[in-house]
2 protein chains.
Amino acid sequence: MLGVWRLQLLREISRRGSIKAAAEAMSISPSAVSQQLAILEREAGVELLERSGRRVRLTDAAQLLVRHADTITGAIAAAEADLASMQQLVIGTLRVAAFPTAARAILPDVMTALSRQHPALRVTLRDLEAAESLTALQMDEIDLAIVDEYDEPARIPDGGLEFCEFMRDPLYLALPPEESSMAGAAVRPSLDPGAAVRPSTAGAAVRPSLDPGAAVRLSDFRDAFWIMDTEDSHLGQVTLRACRSSGFEPHVRSNCKDFSVIIALVEAGLGVGMLPGLAIHDRPVRASIHPTDPPLARRIASVIRPERHSHPMIVSALAELERFGAAYAPPNLLG
Amino acid sequence: MLGVWRLQLLREISRRGSIKAAAEAMSISPSAVSQQLAILEREAGVELLERSGRRVRLTDAAQLLVRHADTITGAIAAAEADLASMQQLVIGTLRVAAFPTAARAILPDVMTALSRQHPALRVTLRDLEAAESLTALQMDEIDLAIVDEYDEPARIPDGGLEFCEFMRDPLYLALPPEESSMAGAAVRPSLDPGAAVRPSTAGAAVRPSLDPGAAVRLSDFRDAFWIMDTEDSHLGQVTLRACRSSGFEPHVRSNCKDFSVIIALVEAGLGVGMLPGLAIHDRPVRASIHPTDPPLARRIASVIRPERHSHPMIVSALAELERFGAAYAPPNLLG
DNA sequence: TTTGGTGAGGAAGCTGAACTTGATTTGCGT
DNA sequence: ACGCAAATCAAGTTCAGCTTCCTCACCAAA
């Protein structure tokens, strides 16, 4: 009979593209993998690996076997999950990946809650961007991914992964604090269209008197300097789109990947910027934070492999995330 | 991870009901099974076997695991089948079971044809009654079962086995040959209702002149002696039912399991009897063979495990059976 | 109750499958 | 040409899993 272990090695070669990489992933030597594959070829009676230079390619037969290996491995995983869910034992190691903001704002809370409820559970955390964590999930390097999604309809065909949105994170416009010396110079909402001037020629425009936490319209800041996320980031693109659909092209002063840098720049009065709520969650900021009108938000979802759906480790973690999402209140808008 | 080999041992225990039996089935020692089960219990973290006296019972968790083991084993078998079908290699050992008549009339032909086409294929044959071969199939002791079915609507819920009817076998009424000295005494169709007398008082009634191979009505033989299959057999019951629905209770002279005995008795002029076509296939009989009006037939089907459906060994065998079924002509009715 | 038979399970030892290490081959880039 | 990187070969080594032999528990018959 075909050896399951050998099939899994083949599967890993297919995933990672080389014997060496597969060997590292399974933490054995490349030689062992090579030998096992030779045995598998004897078992199957077919060539499985084609040497092409110093690399190997999978034959058609091998790819067929990989598909079967996937279902076999899935069936075994399902058995383990069922078993674990039967004994309701939350035990083992839960490997989580989250995008940086979530890793900072959500996970500490969730991880301590999980550890408190299930002392036998170990939780490890990596911070990965959404796309990275999805591939990591498919590579079975993590058990749970926390990803953010900005585009409403989007749901990439992610190879049978299971998404579950557990909270929405509103996007806010951050304005320089009242006391900022440069508030007037940098942020000049054109309350009076006729008074609008180009930022380069910015004078001492009057900052509008806003109630803390009051919603603002982006178009009021058509002439302000904008501190943006990088353009290739989702938030950057969403911000850009929002400005354009409000009828203007923002004057971008700087593109910063790190939200704390954006906050610092805004607090220094150098411009306005969009920030997701989580970026200022539980963190006092001097900048003035305002919801937008119409409101903008990103969706935050958990992603798991479907065969682990009923695993108690996963169930507990998802429940904890749901709890966090339900309790998640907009940040203190009075800052 | 759960060991597949251990899961299969558990599965076998579930099938056969005891560790000893499972050990024999897997051809290892009972001790080895016991040890592997202990390891599996550690892996699963649950009690799997409950000692009840000197026997073991499976716990709920174990039954759950057995179900998963079934799907896992099925997935592996499917992989092997796909692999074999990809390389179109008919090789290995095909273990066939057939009911005795089929084993005699069908299998020699089919086995020689298969061996001729696929020299690397070994075919083994056991003769088992239909019910026995179905359980053997589920026990994975055979790969292919040939079964007969008499009841039209019947199809027992046979645990996901795959049936395929490949031929019908007509049932014939066998009458003593013309030259039989006892023909008149034993077989007295009541052409004239008034002439009917009880067999025990049978005199020298006149045997009707029948064209060889002409269809006959059972009711014409309401007063004849009947040579029947055993009453617990399907054929016996079907015969009995057919007589009753023709409006009479047959006078049973003897119940014989072996068709050749029935033939001999009929040829000796001791009575009439129902015979399936296969029983006289390619075998000269002196008895006079007649289809019935209305016609009766049994259905003959191949049965396999569904995951082997595409295995070339199976495919070839089924094709060969289909060929036999298509070529199967009614036996020589002029005998 | 004793006694013999049967099935589960533990201990010790053996075998072979699968791993590691180190040498060898082969292809590729500089 | 040279060196590096990846796969593979040939050893030696480790350990999972088997067998054999044994004990224990249960049941049935004497």
Side-chain angles (χ1 to χ4, degrees), chain A residues 1-59 61-63 65-66 69 72-73 76 80 139, chain B residues 1-59 61-63 65-66 69 72-73 76 80 139:
Chain A
M1 198 183 62
L2 291 174
V4 174
W5 170 240
R6 293 183 251 280
L7 285 177
Q8 291 180 338
L9 290 181
L10 178 64
R11 181 167 172 260
E12 215 59 31
I13 293 178
S14 163
R15 294 265 178 293
R16 321 224 174 228
S18 88
I19 290 189
K20 181 179 170 63
E24 279 167 8
M26 308 300 262
S27 50
I28 59 177
S29 67
S31 180
V33 177
S34 180
Q35 294 173 48
Q36 289 305 303
L37 260 288
I39 296 176
L40 186 59
E41 287 192 334
R42 280 201 300 104
E43 284 180 343
V46 202
E47 289 256 310
L48 294 175
L49 297 185
E50 263 176 9
R51 330 305 182 224
S52 79
R54 60 185 172 194
R55 197 165 255 74
V56 289
R57 261 208 353 265
L58 299 196
T59 63
Q63 309 207 2
L65 274 189
V66 166
I72 292 168
T73 307
I76 296 175
E80 288 170 334
M139 292 295 202
Chain B
M1 198 183 61
L2 292 174
V4 173
W5 170 240
R6 292 182 251 281
L7 284 177
Q8 290 180 340
L9 290 181
L10 178 64
R11 181 167 173 259
E12 215 59 30
I13 293 178
S14 162
R15 293 266 180 291
R16 321 226 173 223
S18 89
I19 290 189
K20 181 178 168 63
E24 279 168 7
M26 308 300 263
S27 50
I28 60 177
S29 69
S31 181
V33 177
S34 182
Q35 294 173 46
Q36 289 304 304
L37 260 288
I39 297 176
L40 185 58
E41 286 192 333
R42 282 201 297 105
E43 284 180 343
V46 201
E47 288 257 309
L48 294 176
L49 297 185
E50 263 175 11
R51 332 298 181 228
S52 77
R54 60 184 169 193
R55 199 163 250 76
V56 288
R57 265 212 342 271
L58 299 196
T59 64
Q63 309 207 2
L65 275 189
V66 167
I72 292 169
T73 307
I76 296 176
E80 288 169 335
M139 292 295 201

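Each chain gets a letter, A, B and so on, in the order the sequences are listed, and its residues count up from 1.
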**Request:** Please check if atom CZ in B/R55 has more than 12 non-hydrogen atoms from other residues, nucleotides or ligands closer than 6.0 Å.
**Result:** no
**Prompt:** In residues 6-21 of chain B, what residues come within less than 4.0 Å of DNA chain D, judged by heavy atoms?
**Reply:** B/R6
**Prompt:** Hey, is the main chain of B/P30 close enough, under 3.5 Å, to the side chain of B/S34 for a donor-acceptor pair?
**Reply:** no
**Item:** Residue pair A/L65 / A/V46, side-chain heavy-atom distance below 4.5 Å
**Value:** no
**Message:** Students should find this one: the first and last nucleotides of DNA chain D, 5' to 3', lying under 4.0 Å from a heavy atom of chain A. What are they?
**Reply:** D/dC4 to D/dA10
**Complete:** In short, B/S14 meets B/L58 closest at the heavy-atom pair CB-CD1, 3.3 Å
**Fill in**
When every non-hydrogen atom of B/I28 is compared with those of B/A32, the smallest separation belongs to CD1-CB, 3.9 Å
**Request:** Shoot me the first and last contacting nucleotide of DNA chain C against chain B, ordered 5' to 3', at under 4.0 angstrom to non-hydrogen atoms.
**Result:** C/dG5 to C/dA11
**Asked** So what does B/R55 touch, heavy atoms closer than 4.0 Å: a base, only the sugar-phosphate, or nothing?
**Response** nothing
**Request:** For the residue pair A/L49 and A/L37, establish whether any side-chain heavy-atom pair is separated by less than 4.5 Å.
**Result:** yes
**Message:** Once rounded to the nearest 0.5 Å, what's the spacing between atom CG of A/L48 and atom CD of A/E41?
**Reply:** 4.5 Å
Please output the side-chain donor-acceptor pairs of residues 1-12 of chain A that fall under 3.5 Å, not counting sequence neighbours, one pair per line with the distance.
| from | atom 1 | to | atom 2 | distance (Å) |
| --- | --- | --- | --- | --- |
| A/R6 | NE | A/E43 | OE1 | 3.3 |
| A/R6 | NE | A/E43 | OE2 | 3.2 |
| A/R6 | NH1 | A/Q36 | OE1 | 2.8 |
| A/R6 | NH2 | A/E43 | OE2 | 3.1 |
| A/R11 | NE | A/D70 | OD1 | 2.5 |
| A/E12 | OE2 | A/R16 | NE | 3.0 |
| A/E12 | OE2 | A/R16 | NH2 | 3.0 |

**Message:** Considering only residues two or more places apart or on different chains, which pairs with a residue in residues 18-29 of chain A satisfy side-chain hydrogen bond (donor to acceptor under 3.5 Å, both in side chains)?
**Reply:** none
**Prompt:** Where along residues 32-41 of chain B does a heavy atom fall under 4.0 Å from DNA chain C?
**Reply:** B/S34, B/Q35
